[in-house]
Amino acid sequence: MVAFATAIEPLRIANRMLGYEGYRWRLASGDGRPVRASNQVECAVDTSLEEERRKMAGPDRPSMVIVCSGVNVEGYQNRSVFGWLREEYNRGVAIGGLCTGAHVLAAAGLLANRRCAIHWENLPGFSENFPKANVFADLFEVDHNIYTCAGGTAALDMMLKLIGDDFGDHVVNSVCEQLLTDRVRSPTDRQRLPLRARLGVQNSKVLSIIELMEANLAEPLSLIQIADHVGLSRRQIERLFRTEMGRSPARYYLEIRLDRARHLLVQSAMPVVEVAVACGFVSASHFSKCYRELYARSPQQERLDRKHLIAA
């Protein structure tokens, strides 16, 4: 709902600042019925997919189609929607995705060899499911006629970029003043909080080590390699992690690898053994043992529980 609202509201405010209707929009769902968001707010729509197909060749054809999706997008399959998106794109209509909308666009075959952005939580599964897409942990990406953003308030930044391209910075500044936002973020601004704020850690050496770990999950570095990178001894690293993180560096490294594995299990159909390899485990049995110790359930049960949740 945040991404949905922050995509529409800048257009409404831009119209107000312009003094005329520079933008028009309509909401569509597959069957024309209202859609209930994940926060349980029901949104009325204007048209259905069937009606939108009839508009494609007429004066009401849109200049841009934006897909908004949220959680559990991995289970979404709709050949009619995918086909319609491809038809619109082939007719020169710009295509956009909000939050996890990039997943829908990729499933429709529109993101091969294209730069795109998706919410950081969905990035591991997306990368595995759609290896031909050039996905980045950016706020938003614009690649020719394809617009994607990571969701949340990143939708605002993407729409401000669109408004700026159409009407210039003066209109963007006016919209920002109305929204009480003091700056337009760059597409490449980070999605997540900096490690320092996210973990509550101030020690620069520990932060450097964690960044190294997060960048090397599939092929974990040894503690000796990490020590060489940051110019500390193994003993110094052990002592720092015990003090700052409350556990050994090996334990912390294991936990972030298992966290990535958890995302892959619930966001992709990768076999468990492939998930294990992608997260730096030498065998599926060792992976399952570590996973069960941390999460009190097996990787297979994690995936099964997720399927039951989606079905419900």
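A ring-centre distance under 6.0 Å is not found for Phe281 and Tyr291.
Side-chain N/O atoms of Gln301 and Arg292 include no donor and acceptor closer than 3.5 Å. Checking Thr153 against Arg185 by side-chain atom types alone, a donor-acceptor pair falls below 3.5 Å.
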Fill in: Chi angles and distances behind the side-chain contact (heavy atoms from CB on, under 4.5 Å) call for Thr100, Glu74
CA-CA 9 Å; Thr100 59; Glu74 301 83 19; 5.9 Å; no

Item to complete: Output, in order, the C-alpha distance, side-chain angles, deciding distance and verdict of side-chain contact (heavy atoms from CB on, under 4.5 Å) for Leu105 and Thr148.
Response: CA-CA 9 Å; Leu105 303 192; Thr148 51; 3.9 Å; yes

Practice prompt. Might you work through the side-chain contact (heavy atoms from CB on, under 4.5 Å) test for Leu212 and Glu214, ending with a clear yes or no?
Written response: CA-CA 6 Å; Leu212 270 175; Glu214 291 187 347; over 6 Å; no

Item to complete: Check the pair Phe287 / Val275 against side-chain contact (heavy atoms from CB on, under 4.5 Å), numbers first and verdict last.
Response: CA-CA 9 Å; Phe287 166 59; Val275 172; 4.0 Å; yes

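Taking every heavy atom of both residues into account, Phe126 and Ala133 meet most closely at CE2-CB, 3.8 Å. Counting all heavy atoms, side chain and backbone alike, Leu221 lies closest to Tyr253 at N-OH, 3.1 Å. Here the closest non-hydrogen pair linking Ala276 and Ser283 is CB-O, 4.3 Å. For the residue pair Asn15 and Gly22, the shortest heavy atom distance occurs at OD1-N, 2.9 Å. Between Ala117 and Phe140 the shortest heavy-atom distance is CB-CA, 4.0 Å. Here the shortest heavy-atom pairing between Met213 and Tyr252 reads SD-CD2, 3.8 Å.
Note on Ile226 and Ile224: separate hydrophobic clusters, where clusters join Ile, Leu, Val, Met, Phe, Trp and Tyr whose side-chain heavy atoms are under 4.5 Å apart, directly or indirectly. Leu180 and Leu11 are assigned to two separate hydrophobic clusters, defined by single-linkage of ILVMFWY side chains at heavy-atom distances under 4.5 Å. Residue Val2 is not grouped with residue Ile66 when hydrophobic side chains (ILVMFWY) are merged at heavy-atom distances under 4.5 angstrom, including chains of intermediate members.
Counting only heavy atoms from C-beta outward, the side chains of Lys161 and Pro187 never approach each other to under 4.5 Å. Side-chain contact between His263 and Arg260 is absent, with no heavy-atom pair separated by less than 4.5 Å. Between Tyr89 and Asn145 there is a side-chain heavy-atom pair separated by less than 4.5 Å.
Remark: side-chain polar atoms of His286 are not paired, donor with acceptor, to backbone N or O of Val282 under 3.5 angstrom. Listed for the Glu51 side chain is a donor-acceptor partner under 3.5 Å among the backbone atoms of Ser48.
In terms of the side chain to side chain donor-acceptor pair (under 3.5 Å) criterion, Arg234 has no residue partners (sequence neighbours excluded). For Arg91, the side chain to side chain contact (heavy atoms under 4.5 Å, CB included) criterion is met by Met56, Ala57, Arg61, not counting sequence neighbours.
Electrostatic pairing of Glu52 and Lys55 does not count as a salt bridge here, judged by no charged N lying under 4.0 Å from a carboxylate O.
At least one test fails for Arg247 against the ring of Phe241: distance under 6.0 Å to the centre or angle within 45° of the axis. Cation-pi check for Arg262 over Tyr295 is met; the charged atom lies under 6.0 angstrom from the ring centroid and within 45 degrees of its normal. Under the 6.0 Å distance and 45° angle rule, Arg115 counts as a cation-pi partner of Phe136.
The CD1 atom of Ile13 lies 12.0 Å from the CE atom of Met159; values are rounded to the nearest 0.5 Å.
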